[in-house]
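Remember, it's 1-based here, ligands and their atoms both numbered in the order they're listed. Quick caveat, the model's predicted, so the values are computed rather than measured.
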Amino acid sequence: MKKAVFLDRDGVLNRLVFNPATGAFEAPQKLEDFVPSPGLGSALVPLIRSGYLLFLISNQPDYAKGKASLEVLRAIHEKLDTELKASGVQFKEYFYCYHHPESLVPALKGPCGCRKPGTLFLDQTVEKYGLDCSASWMVGDQDTDVECGRKAGLRTVALQTPESAKRRGQQRADYTAGTLEECSQIILGFSKEAFRAA
Ligand SMILES: [Mg+2]
Ligand SMILES: [Zn+2]
């Protein structure tokens, strides 16, 4: 059976951006605010080499909330894709939920099953690729990521950066890391242990 690492995007693959209007660190809402996280290649290439399929699962409600255009969200995605490929990192698939319960765009109001902690994207991917959930992981910086991964039976790593630390609270992940590279080392270390034990 195949194994996978599901990754959140904002605060994991790219930096969060301080929004003076809300006083919070948020997803980039302008293309020029998109800054990739350090060490994308050094963190993610070893996972691929160890046989993990990579998937992105990201909530992107800013169009529904009227904070960013769909064109900008697409442009940010293209920039991420370019950065990843330039680092030698190929994701299998990218999944974005554009819904939000308070959407100003009626069609995006939901309710939907894909907004994390909803597991719709995850469940569909497990089915499509025949993934072994007990050997697969969720990496994210928010409670909703941890909750989503846990509900689907994955191991979870919470990435706690200074920006995202404030936004986490109730959900306890299996592991906690300070950088994306640390997340990767935890997963790779775990595979080695499991291999030794087998
Ligand atoms: Mg995030
Ligand atoms: Zn959705």
query: Around atom CZ of Arg115, are there more than 12 heavy atoms of other residues, nucleotides or ligands at under 6.0 Å?
result: yes
statement: Atom name of the N, O or S atom of Asp141 nearest to the Mg ion (ligand 1) is OD1
statement: Across all chains, not counting sequence neighbours, the side-chain hydrogen bond (donor to acceptor under 3.5 Å, both in side chains) partners of Arg150 are Gln171
- request: Using a cut-off of 2.8 Å, find all protein N, O or S atoms closer to the Zn ion (ligand 2) than that distance.
  value: Cys97 SG, His99 ND1, Cys112 SG, Cys114 SG
- prompt: If you look at Asp8, which of its N/O/S atoms is nearest to the Mg ion (ligand 1)?
  reply: OD2
message: Evaluate Glu181 against Thr179 for side-chain hydrogen bond (donor to acceptor under 3.5 Å, both in side chains), listing each step before the verdict.
response: CA-CA 5 Å; Glu181 282 168 313; Thr179 64; 4.9 Å; no
message: Which residue in the set Glu93, Lys3, Gln124, Lys92 passes side-chain hydrogen bond (donor to acceptor under 3.5 Å, both in side chains) when paired with Tyr129?
response: Glu93
field: Centroid separation Phe121 to Phe6 less than 6.0 Å
entry: no
- prompt: Considering only heavy atoms from C-beta outward, does the side chain of Val17 approach that of Glu26 to under 4.5 Å?
  reply: no
query: Do you see a donor-acceptor pair shorter than 3.5 Å between the side chains of Gln142 and Thr144?
result: no
Asp10 N/O/S atom closer than 2.8 Å to the Mg ion (ligand 1): yes
